[in-house]
Novice: 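Have a look at this one.
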Amino acid sequence: MTDYRRLRVALLGAGAVGSQVADLLRTHADELSDRAGAALDLVGIAVRNPDAPRETDLPRELFTTDSEQLIVGADIVIELMGGIEPARTDILLALSSGADVVTANKALLATHGPEIFDAADQVGASVYYEAAAAGAIPIIRPLRDSLAGDRVQRIMGIVNGTTNYILDRMDAEGSEFADVLADAQRLGYAEADPTADVEGYDAAQKATILASLAFHTAVPLEAVHREGITGIDRQTIDAARHAGYVIKLLAVCERITDAEAHSPTGEAISVRVYPALIPREHPLASVHGANNAVFVQAEAAGNLMFYGAGAGGVQTASAVLGDVVSAARRHIAGGVGVGESTRANLPVVPIGRVTTRYQITLEVSDQPGVLATVAGILSEGRVSIATVEQTIEPAAEQSLVPAEQGIAGIARLVIGTHTAREQDLSDTVDRLAASGVVDRVVSVLRVEGN
Ligand code: NAP
């Protein structure tokens, strides 16, 4: 056996991910040493309750509640507690003590990333976070290393497994949101409080991390436009399917040109999370169940898609261990770690200045001239129509009033637009709603992916 230098590895947290990391560090020790060029000694595991039952069989003597004592003297600190504190303080302590840090903590990086990366820069250490953006899927390394010589134009990610599971089942079964959510909670795909997932907060944190890395810009979480999926009902899903689309909760990170941003190059970025229509033939449309995928469009490389498990204890542990090996190699090689670049520092534009295509679904009275009025309002609002589909339900069926009495039925108009500016679109939708010819704005969805 090679006589490797020994590195002291401290683990903070032994929950779903941490317990698997600890287990793999021990059971794959020889292979990991060969990969890392160093023996990785798990010297301790900080938890809240050392006597709590664990998913994997780990020696009781490894556990401690004294994270500080564990961190000081470690070469690599793996933070898998989650949340902001004490994770932030522990990571800062680890960096100032000369350790490299591995973390999967998206909530912390999305809110305190710059502070943590600055602290690492100051001491020449590195922070690795492959598991923070899409679980097991390698996306941080591709963005940071593999595509380092390219320019990323756009990222579209399905980065939240819970919402993909819900939308996929609604699409496949024609079920209602509330029924599928309840089922997802029963099966463990959704938390008892599903807000972070279904309202898009989790996806927004991941979008912040991906956009910051892809565009060399510190993207504040507050600059990410966020909408969830709670307003998506069975009818909307059915209409999307009928029109050749599938609805996915997307994290879109995009490099755009924006004169109002006043950046030296005219470049800016948009980072947004919302349910969007994707053509059914797009690669992201085939992401089923709780899986994740990140679709990257780069100037030279073209389109790339990274697909797999976005969560799960052992799956996420795989990404964490890859980072541990990288951290060990760097620690052995010495020198200064490569920090997070924010050299471009591009402005993040508000959603109102973003342009995309839309599908607007309206309920209108089926009367002569209505379509012309709607078209006129859209045109005045600088929203150009690409397609219109109209379905008419006779009043007799809807309200039991005989149609021959001259009372019009209700028509459903599904309008596909050319690219329009979000602010123009939302002002126009407000005018449509107030026009007197529109009974109800059923949905307004962005179209992405073509
Ligand atoms: P988890 O199951 O809730 O486990 C958290 C662990 O941290 C527990 O062992 C807990 O100790 C310990 N801990 C919490 N607060 C602590 C404190 N104040 N002091 C000491 N120990 C503390 O969490 P997880 O699902 O493994 O997630 C860990 C991290 O990975 C999070 O940042 C999460 O966002 C990220 N992540 C998770 C997944 C996933 O599929 N689970 C996927 C991607 C990323 P006790 O056991 O004693 O309570």
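We count ligands from 1, going down the list as the structure has it; atoms in each ligand are counted the same way.
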Novice: At a heavy-atom distance under 4.0 Å, which protein residues reach ligand 1? Sort them by chain and number, would you?
Specialist: G13, A14, G15, A16, V17, A46, V47, R48, N49, R54, L80, M81, G82, P86, A104, N105, K106, A131, A311, G312, T316
Novice: Could you give me the CA-CA distance, side-chain angles and deciding distance for E176 and R169, then say whether salt bridge (Lys or Arg N to Asp or Glu O under 4.0 Å) is met?
Specialist: CA-CA 9 Å; E176 284 293 359; R169 277 197 53 188; over 6 Å; no
Novice: Determine whether L277 and I247 make a side-chain contact, defined as any pair of heavy atoms from C-beta on separated by less than 4.5 Å.
Specialist: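 Yes, at least one pair of side-chain atoms sits under 4.5 Å.
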Novice: Considering only residues two or more places apart or on different chains, which pairs with a residue in residues 293-322 satisfy salt bridge (charged side-chain N to carboxylate O under 4.0 Å, His left out)?
Specialist: R151-E299
Novice: Test V320 against every option in L25, L11, V17, T103 by the side chain to side chain contact (heavy atoms under 4.5 Å, CB included) rule and name the one that passes.
Specialist: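 Of the listed options, the one satisfying the test is V17.
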Novice: Are the charged groups of R154 and E448 less than 4.0 angstrom apart, N to O?
Specialist: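 Judged by the 4.0 Å cut-off on N to carboxylate O distance, R154 and E448 do form a salt bridge.
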Novice: Tell me, please, whether F215 has R255 positioned over its six-membered ring: NZ or CZ under 6.0 Å from the ring centre and within 45 degrees of its axis?
Specialist: no
